[in-house]
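Reviewing the structure listed below.
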Amino acid sequence: MIGMEDIYEKVMELAKRRGFVWPSSECYGSVAGLIDYGPLGAGMKRRIENIWRDFYVIREGFFEIECPTIGPEPVFIASGHVGGFSDKMCRCPECGEYLRADHIVEGCLEGSAALMQKEDLEEALRDFPCPACGETLGAPTVFDFNLMFETAIGPGSQRKGYLRPETAQGIFTDFGRLLRFYRDKLPFGAVQIGKSYRNEISPRQGMIRLREFSQAEAEIFVHPEKKQHPSFSRYASYTLPLLGSSQQESGEPPLEVTMADAVASGLVANEYVAYYLALTHDLLVSIGITPEKLRFRQHLPDERAHYAIDCWDAEVHSDRFGWVETVGIADRTDYDLRAHARHSGESFTVFIQFTEPRRVKQVRISPKMGIMGPKFRGKAKAILEMLKTASPGPDGVEIILDGETILITPDLYDVCEEEVEVRGEEVMPHVIEPSYGIDRMIYGVLEHTYAEEMVEGEVRKVLRLPTAVAPVQVSVLPLMNRDGLEGAAREIYLTLLTHRIFAIYDDSGAIGRRYRRQDEIGTPFAVTIDYDTLEDGTVTIRDRDSMEQVRCPADHLVATLSALISGSITFESLQT
RNA sequence: GCAUCGAUGGUCUAGUGGCAUGACUUUGGCCUUCCAAGCCAAUAGCCCGGGUUCAAUUCCCGGUCGAUGCACCA
């Protein structure tokens with residue numbers, strides 16, 4: 001390779017020029033963090049999403065759902081995004097700098113300032129110097145900056161809504177429906193591919209940090225005590241570079257271990273997490289990420305959400321941006337379901353039958369309603385409810401109702417001990433969440449597959465995209481645009497299209513120039529129609545990566561290309 | 001968001017207070033029997049808004065976008 005010192009510039013220049021990625025609304029001045037996928041980029045993105053579906057929908061059996069990108073406020077109150085997805089900020093009255101209010105206070109104070117109220121923060125900030133200009137802050141106004149885009153649903157006194165900051169919540173809110181769809185059994189999973197939105201303060205890394213981005217997320221609902229993946233054997237001996245939190249703390253390199261060993265040694269929390277680490281490696285490599293530029297880093301205890309048992313990022317190395325978090329894989333326990341259960345009042349549990357019904361002795365309070373009704377009148381019903389779960393003492397039961405303590409004496413109820421048959425229990429599943437940043441995957445693939453090489457004194461730019469990811473699969477090129485070559489080429493082109501091979505036809509300019517054009521957009525194969533085609537009915541197939549050619553009878557072309565595209569044969573095998 | 005620097009056809013670039021360079025690409029034509037060949041022609045540009053000026057792509061102010069540093073960041 002030559003002159004690869006500024007690969008980001010080169011990749012983005014090509015991506016813009018050739019129609020992969022464009023700045024959005026360019027004619028009115030583009031907006032940071034918003035991009036368009038052009039004709040080739042949109043095709044490539046769709047192919048990558050479909051490969052993701054091959055892994056998660058077809059192979060894992062997790063059906064895909066599609067939820068709105070707008071949600072009503074309670075969803076995001078429950079998810080914690082309304083409260084937790086915002087930062088408390090203030091502005092220096094002297095220099096105008098925006099500051100994290102809690103960070104300033106935290107630097108000089110014991111304990112955590114993140115939970116302080118605005119008013120307390122304002123008071124605490126009074127005497128602090130501005131970290132930017134050094135002037136005393138005085139009493140700045142502390143305000144929340146929430147990273148969610150806000151909107152209003154409907155006219156008039158609208159319901160407040162937000163653009164979703166992740167696709168996951170739709171799967172959680174559909175939990176009850178999904179559970180019934182999967183016929184009340186664990187484990188099951190559902191996935192969603194779609195747009196999410198975050199009003200980033202300063203998105204400045206091209207397509208790495210976007211305000212509107214595509215995510216592919218799976219939510220896998222598992223029994224909290226059964227975290228053995230039913231297909232674990234598929235990846236048990238798969239080896240990955242794992243950078244655990246202890247390796248990071250001691251500055252050691254990643255460990256190359258099998259998934260079975262990783263789980264056995266406790267490096268990875270359970271088989272589910274390990275399985276999706278391996279699957280993610282498998283998937284990323286198959287779309288064109290270089291294995292040497294891919295690692296899995298465990299969250300350090302202080303960066304991991306408090307409720308998560310284990311959390312790993314798949315990080316893709318970029319020459320420009322360093323290690324970029326591209327996929328997150330977490331065991332989120334029952335945090336999300338519990339939150340939605342609390343806020344919505346629905347149960348979010350699965351009834352799991354015991355293998356054998358259990359006989360359980362239970363004490364039941366049977367109120368004497370004939371006495372209690374007249375005695376407590378309007379409160380009787382509420383007291384009755386509370387009695388059901390109370391455990392009676394020798395003097396009776398104390399019940400607190402609306403702040404008033406009421407003693408229910410033993411003469412008001414009977415206690416009967418009985419043995420009941422319990423056939424199962426309500427279980428709140430744990431959630432394993434693999435979450436993929438599609439746009440970051442696309443950038444990683446572009447950067448890793450971009451190559452330059454010297455060919456006869458000229459720089460050849462080539463995207464070595466895997467066939468499954470290339471937006472165009474085959475180009476059809478008549479060697480000359482005359483002597484009947486163009487007619488024969490058109491015929492072959494149409495034949496490929498009817499067999500659903502996505503080909504483009506190009507007869508413009510010298511043949512070498514046309515090969516270069518296809519190299520730049522990653523088209524893996526070129527079919528050239530030359531004078532031998534008119535003689536003996538053969539064409540050549542050119543391989544993008546080796547620039548080698550083989551002759552192939554036109555009659556076999558569809559079958560040969562289909563096999564090459566699907567990967568069932570290699571180009572090298574045709575050369576012998 | 002702050003500071004510094006930058007923005008000229010699709011791409012790379014020269015240059016200027018007064019008709020805006022060149023190369024590559026693209027399109028059409030000629031030529032051409034396999035890797036950006038040659039010839040002819042064509043298309044296409046001074047980021048946006050305001051100010052100074054007879055005249056602004058050029059100078060000034062503001063904005064947008066991009067790069068770098070700080071800050072922020074699932």
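To find a chain, count down the sequence lines: A is the first, B the second, and so on, and within it residues start at 1.
- Distance, A:Glu9 CD to B:rC12 P: 9 Å, rounded to whole Å.
- Counting to the nearest Å, the C1' atom of B:rC31 and the CG atom of A:Asn481 are 13 Å from each other.
- One finds a side-chain N or O of A:Arg513 lying less than 4.0 angstrom from the OP1 or OP2 phosphate oxygen of B:rA37.
- B:rC30 sits 28 Å from B:rG45 when the P atoms are compared, rounded to a whole Å.
- The closest side-chain donor-acceptor pair between A:Gln549 and A:Asp543, if any, does not fall under 3.5 angstrom.
- OP1 and OP2 of B:rU26 both lie 4.0 Å or more from every side-chain N or O belonging to A:Arg17.
- Of all nucleotides listed (B:rU11, B:rC35, B:rU26), B:rU11 comes nearest to the side chain of A:Glu13.
- A 3.5 Å limit on both hydrogen-bonding distances identifies B:rU27 as the Watson-Crick or G-U partner of B:rA41.
- Contact annotation: side chain of A:His81 to base of B:rA74, donor-acceptor pair absent below 3.5 Å.
- Residues A:Glu166 and A:Ala32 each lie close to RNA chain B; by heavy-atom proximity, the contact nearer the 5' end of the strand is made by A:Ala32.
- For A:Arg198, taking side-chain heavy atoms from C-beta onward, the closest of the listed nucleotides B:rA67, B:rC35, B:rA74 is B:rA74.
- Nucleotide B:rA74 holds its P atom 7 Å from the CG atom of A:Leu147, rounded to whole Å.
- Base pairing of B:rG69: its partner is B:rC2, meeting the Watson-Crick or G-U wobble criterion (both donor-acceptor distances under 3.5 Å).
- The nearest whole Å value for the distance from the CE atom in A:Met480 to the P atom in B:rA37 is 12 Å.
- Here A:Asp483 lies out of heavy-atom contact (under 4.0 Å) with every strand.
- Distance from the side chain of A:Leu479 is smallest for B:rC34 among the nucleotides B:rC34, B:rA67, B:rC65.
- When heavy atoms are screened at a 4.0 angstrom cut-off, A:Arg516 is found touching base atoms of the nucleic acid.
- When both pairing distances are held under 3.5 Å, B:rA74 makes no Watson-Crick or G-U pair with any nucleotide shown.
- Comparing the P positions of B:rU58 and B:rU52 gives a spacing of 15 Å, expressed to the nearest Å.
- Across all strands shown, B:rU32 remains unpaired; no Watson-Crick or G-U wobble contact has both distances below 3.5 Å.
- The same atom, C1', is picked in B:rG10 and in B:rU68; the two are 27 Å apart, to the nearest Å.
- Under 3.5 Å, the side chain of A:Glu458 and the base of B:rC35 form no donor-acceptor pair of N or O atoms.
- Going from the C1' atom of B:rC61 to that of B:rU53 covers 16 Å, rounded to whole Å.
- Not a single donor-acceptor pair, N or O on each side, falls under 3.5 Å between the base of B:rC34 and the side chain of A:Arg542.
- B:rC5 has its base anti relative to the sugar, with a glycosidic angle deviating from 0 by more than 90°.
- No hydrogens or angles considered: a donor-acceptor pair under 3.5 Å links the side chains of A:Gln248 and A:Arg297.
- Side-chain contact of A:Arg551 with A:Thr540: a donor-acceptor pair under 3.5 Å is absent, judged by distance alone.
- Taking atom C1' on both B:rG6 and B:rC12, the two are 16 Å apart, rounded to the nearest angstrom.
- B:rC59 is paired with B:rG51 under the Watson-Crick or G-U wobble criterion, all donor-acceptor distances under 3.5 Å.
- Atom NZ of A:Lys16 sits in a sparse spot, with 12 or fewer heavy atoms from other residues, nucleotides or ligands closer than 6.0 Å.
- Under 3.5 Å, the side chains of A:Tyr37 and A:Asp439 contain a donor-acceptor pair of N or O atoms.
- To the nearest whole angstrom, the two P atoms, one in B:rU26 and one in B:rG62, are 42 Å apart.
- Between A:Arg295 and A:Asp313, none of the side-chain N atoms (NZ, or NE/NH1/NH2) sits under 4.0 Å from a carboxylate O, so this pair counts as no salt bridge.
- The P atoms of B:rA42 and B:rC24 are separated by 15 Å, rounded to the nearest whole Å.
- The nearest whole Å value for the distance from the CD atom in A:Glu520 to the P atom in B:rU26 is 10 Å.
- The residue A:Ser508 sits close only to the backbone: its heavy atoms come under 4.0 Å of sugar-phosphate atoms, none of a base.
- Inspection of the A:Tyr450 and A:Tyr8 side chains reveals no N or O donor paired with an N or O acceptor under 3.5 Å.
- The distance between atom CG of A:Asp519 and atom P of B:rC34, rounded to the nearest whole Å, is 18 Å.
- The base-pairing partner of B:rC46, taking Watson-Crick or G-U wobble contacts with both distances under 3.5 Å, does not exist among the strands shown.
- Note on A:Ser30: only backbone sugar-phosphate atoms sit closer than 4.0 angstrom, heavy atoms only; bases stay farther off.
- Between A:Tyr197 and A:Phe213, the gap from one ring centroid to the other reaches at least 6.0 Å.
- Residue A:Glu26 is classed as having no contact, given no heavy-atom separation below 4.0 Å to the nucleic acid.
- Atoms CD1 (A:Ile521) and P (B:rU26) sit 13 Å apart, rounded to a whole Å.
- Place A:Glu200 and A:Tyr28 on RNA chain B by their nearest nucleotides, and A:Tyr28 ends up nearer the 5' end.
- Using a 4.0 Å heavy-atom cutoff across all strands shown, A:Arg514 reaches no nucleic acid atom at all.
- Residue A:Tyr8 is classed as a sugar-phosphate contact, given heavy-atom separations below 4.0 Å to backbone atoms only.
- Spacing between atom CG of A:Asn199 and atom C1' of B:rG1 amounts to 13 Å, rounded to whole angstrom units.
- You'll find the ring centres of A:Tyr436 and A:Tyr56 inside the 6.0 Å limit.
- Within 4.0 Å of A:Arg482, counting heavy atoms only, lies at least one base atom of the nucleic acid.
- Spacing between B:rC48 and B:rG9 at atom P, rounded to whole Å, works out to 11 Å.
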